[in-house]
Amino acid sequence: MNNLSTPPLLVADTLQRPLRDLRISVTDRCNLRCTYCMPREVFGKDFVFLPRAELLSFEEIERVAGVFVQLGVQKIRLSGGEPLMRHGVEHLIEALSKLCSTEGQPVEIALTTNGLLLSRKAQALKNAGLSRLTVSLDGLSEAVFQRMSDSTASVTTVLGGIEAAQRVGFSPIKVNMVVKRGENEHEIIPLVRRFRNTGIVLRFIEYMDVGTTNGWRMNDVVTAQEILALINNHYPIRQLDPNYRGEVAKRWMFADGGGEIGVIASVTQAFCHDCSRIRLSTDGKLYTCLFASHGVDLRDSLRRSESDAMLARFIIDTWQHRTDRYSQMRHEATTFQGRKIEMSYIGG
Ligand code: SAM
Ligand code: SF4
Ligand code: SF4
């Protein structure tokens with residue numbers, strides 16, 4: 001990429017939050033239909049996914065990622081949809097893993113996957129230079145997993161993917177469980193038991209009101225407090241300090257040394273004050289909040305081949321105008337003023 005003239009040391013938004021994390025959705029398609037994310041009534045066989053020409057190419061993603069890194073982004077997470085369904089995603093990872101910050105630090109490349117294609121992809125992902133891997137799994141019971149993912153896929157396939165990732169050297173692997181009341185809270189302890197003492201960090205995510213299709217109700221949220229109390233009853237836990245400022249998951253360890261768990265309490269303990277994340281949708285729109293209703297189009301500028309300095313100016317302007325703090329304002333009547341975009345499109 002062109003060298004940007006005098007890059008700013010810090011791009012901050014209206015609440016003085018720096019721009020540090022970029023999440024890229026590499027596909028809006030998925031091989032599951034989790035009821036809390038892509039309910040089949042909406043994402044059924046008639047749903048029209050983005051045509052190929054609308055997707056950012058790998059070259060376009062590389063270019064824009066390079067500009068973000070020059071502006072201070074230190075971590076890039078690939079998501080979707082299901083990122084392993086994007087053909088050749090390992091080639092994109094290989095290119096991104098060569099990016100270095102202005103201080104010469106390598107950028108951390110992470111990926112979140114449902115794990116179904118992981119057994120066959122793990123080695124290629126490792127070879128490509130992927131630094132961190134998160135696998136989503138909402139239960140060990142096949143019945144619960146199949147109901148929540150509205151599919152006939154098997155837990156065994158996901159566990160096989162996690163084992164393959166361990167074998168090729170990913171460490172620590174994180175496993176994300178979304179907890180939804182009446183659906184899978186009874187799977188919390190079996191998952192804890194399964195992943196304790198394995199080096200895998202299990203993380204519990206409060207069910208969120210992302211998008212407008214999942215029929216979210218506050219009553220369906222099993223709160224972080226409830227989750228931690230339940231675990232503590234079975235396996236006493238102690239809170240750990242965050243690894244870094246703005247870490248989304250609160251960290252806990254088993255008092256007997258059985259490892260670490262995390263809780264992402266985006267509903268009951270909002271962390272907007274430290275939110276340094278920007279999202280790039282599959283078709284090249286920038287979103288400054290997971291709950292946004294509008295994005296700004298970067299693809300047009302990319303395809304008009306504007307200079308990197310112009311792309312950087314566009315990104316800086318977008319970030320500097322950012323006021324988002326949806327989770328902190330969730331319960332205020334004025335919070336929601338339009339159709340929120342879906343998580344499968346913007347990336348988790
Ligand atoms: N398909 C991949 C996967 O499931 O890991 C990546 C994309 S998915 C949108 C990213 C993460 O968002 C997953 O861990 C998923 O469980 C989480 N997620 C999706 N919808 C959610 C919701 N309504 N509330 C909380 N987490 C959600
Ligand atoms: Fe697909 Fe992931 Fe959404 Fe489930 S959470 S439907 S696996 S994108
Ligand atoms: Fe960041 Fe928006 Fe989530 Fe708040 S609600 S933490 S601003 S993505």
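Whatever order the structure lists them in is the order used to number ligands and atoms, beginning at 1. For the single chain, residues carry numbers from 1 onward in sequence order.
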| message | Can you name the atoms of ligand 1, numbered from 1 with element, that are less than 4.0 Å from a heavy atom of Glu206? | response | 25 (C)
| So, Gln123 side chain and Arg120 main chain: donor-acceptor pair closer than 3.5 Å or not? | no
| Asn184 side-chain N/O to Asp138 backbone N/O, donor-acceptor pair under 3.5 Å | yes
| field | Tyr326 neighbourhood, listing ligand 3 atoms whose heavy-atom distance to it stays under 4.0 Å | value | 5 (S)
| Closest protein heavy atom to atom 6 (S) of ligand 2, given as residue, atom name and distance to 0.1 Å | Cys34 N, 3.4 Å
| message | Evaluate Arg313 against Glu306 for salt bridge (charged side-chain N to carboxylate O under 4.0 Å, His left out), listing each step before the verdict. | response | CA-CA 11 Å; Arg313 190 67 256 159; Glu306 286 177 6; over 6 Å; no
| said: For atom 8 (S) of ligand 3, what is the closest protein heavy atom, and at what distance to 0.1 Å? | reply: Leu290 N, 3.3 Å
| remark: Residue, atom and distance of the protein heavy atom nearest atom 1 (Fe) of ligand 2 read Cys30 SG, 2.3 Å
| message | For Glu247, is the CD atom crowded, meaning more than 12 foreign heavy atoms sit under 6.0 Å from it? | response | yes
| query | For ligand 1, which part of Val135 has a heavy atom less than 4.0 Å away: the side chain, the backbone, both, or neither? | reply | neither
| field | Contacting atoms of ligand 1, where contact means under 4.0 angstrom from a heavy atom of Gly81 | value | 1 (N), 2 (C), 6 (C), 7 (C)
| request: Distance to 0.1 Å, residue and atom name: give those for the protein heavy atom nearest to atom 14 (O) of ligand 1. | output: Ser136 OG, 2.7 Å
| Is atom 1 (Fe) of ligand 3 under 2.8 Å from any N, O or S atom of Cys289? | no
| message | Distance under 4.0 Å to a non-hydrogen atom of Asn176: what atoms of ligand 1 satisfy this? | response | 14 (O)
| remark: Min over Gly80, Cys37, Ser79 of heavy-atom distance to atom 3 (Fe) of ligand 2 lands on Cys37
| said: Test your reading of the structure: does Ser344 have an N or O sitting under 3.5 Å from an N or O of ligand 1? | reply: no
| field | Contact atoms of ligand 2, heavy-atom distance to Gly81 under 4.0 Å | value | 8 (S)
| task | Identify, for atom 8 (S) of ligand 1, the protein heavy atom at the shortest distance, and state residue, atom and that distance. | result | Gly80 O, 4.3 Å
| task | Go through ligand 3 atom by atom and flag the ones less than 4.0 Å from a non-hydrogen atom of Ser327. | result | 5 (S)
| By number and element, which atoms of ligand 1 are closer than 4.0 Å to a non-hydrogen atom of Val210? | 22 (C), 23 (N)
| What do we get for Gln328 next to ligand 3 when only non-hydrogen atoms under 4.0 Å count, side chain, backbone, both or neither? | neither
| Salt bridge present between Lys121 and Glu90 (N-O < 4.0 angstrom) | yes
| message | Closer than 4.0 Å to some heavy atom of Ile205 - which atoms of ligand 1 meet that? | response | 25 (C), 26 (N)
| query | Using the ring of each side chain (for Trp, its six-membered ring), is Tyr326 parallel, tilted or perpendicular to Phe291, with breaks at 30° and 60°? | reply | parallel
| task | Would you sort out whether Asp150 and Thr35 count as a side-chain hydrogen bond (donor to acceptor under 3.5 Å, both in side chains), showing the intermediate values? | result | CA-CA 7 Å; Asp150 195 2; Thr35 53; over 6 Å; no
| message | Please check this pair: side chain of Arg17 against backbone of His273, looking for a donor-acceptor N/O pair closer than 3.5 Å. | response | no
| Any Leu302 side-chain heavy atom under 4.5 Å of Leu311 side chain | yes
| message | If the contact criterion is a heavy-atom separation under 4.0 Å, does Arg322 count as touching ligand 3? | response | yes
| said: Testing Arg251, Lys174, Arg203 one by one against Glu260 for a side-chain hydrogen bond (donor to acceptor under 3.5 Å, both in side chains), which residue passes? | reply: Arg251
| remark: atom 11 (C) of ligand 1 has as its nearest protein heavy atom Met343 CE, 4.2 Å
| remark: If you scan protein heavy atoms around atom 21 (C) of ligand 1, the nearest is Tyr36 CD1, 3.5 Å
| said: I need the atoms of ligand 1 closer than 4.0 Å to a non-hydrogen atom of Ser79, numbered in the order shown. | reply: 6 (C), 7 (C)
| message | Distance check, rounded to the nearest 0.5 Å: Thr268 atom OG1 versus Met218 atom CE? | response | 6.5 Å
| said: Quick check on side-chain contact (heavy atoms from CB on, under 4.5 Å): which of Leu280, Val64, Asp283, Leu55 does Arg299 satisfy it with? | reply: Asp283
| task | Would you kindly specify which portion of Val178 sits under 4.0 Å from ligand 1, judged on non-hydrogen atoms: side chain, backbone, both or neither? | result | side chain
| Do any N or O atoms from the side chain of Arg23 and from the backbone of Arg277 form a donor-acceptor pair under 3.5 angstrom? | no
| said: Out of all atoms in ligand 1, which are within 4.0 Å of some heavy atom of Asn214? Include the element for each. | reply: 23 (N)
| said: Just to confirm my output: which protein heavy-atom neighbour is closest to atom 24 (N) of ligand 1, and how far is it? | reply: Met208 N, 2.9 Å
| request: Enumerate the atoms of ligand 3 whose separation from the nearest heavy atom of Phe291 is less than 4.0 angstrom. | output: 5 (S)
| field | Sub-4.0 Å atoms of ligand 1 with respect to non-hydrogen atoms of Asn114 | value | 2 (C), 3 (C), 5 (O)
| message | Need the ligand 3 atom indices (1-based, order shown) with element for anything under 4.0 Å from a heavy-atom of Phe271. | response | 6 (S)
| task | Look at atom 10 (C) of ligand 1 and say which protein heavy atom is nearest, naming residue and atom and giving the distance to 0.1 Å. | result | Gly348 CA, 3.7 Å
| task | List the closest protein heavy-atom neighbour of atom 4 (Fe) of ligand 3: residue, atom name, distance to the nearest 0.1 Å. | result | Cys272 SG, 2.3 Å
| said: Closer than 3.5 angstrom, by distance alone: can the side chain of Asn214 be matched with the main-chain N or O of Tyr36 as a donor-acceptor pair? | reply: yes
| What pair of heavy atoms forms the shortest contact from Leu78 to Leu92, and how long is it? | CD1-CD2, 4.1 Å
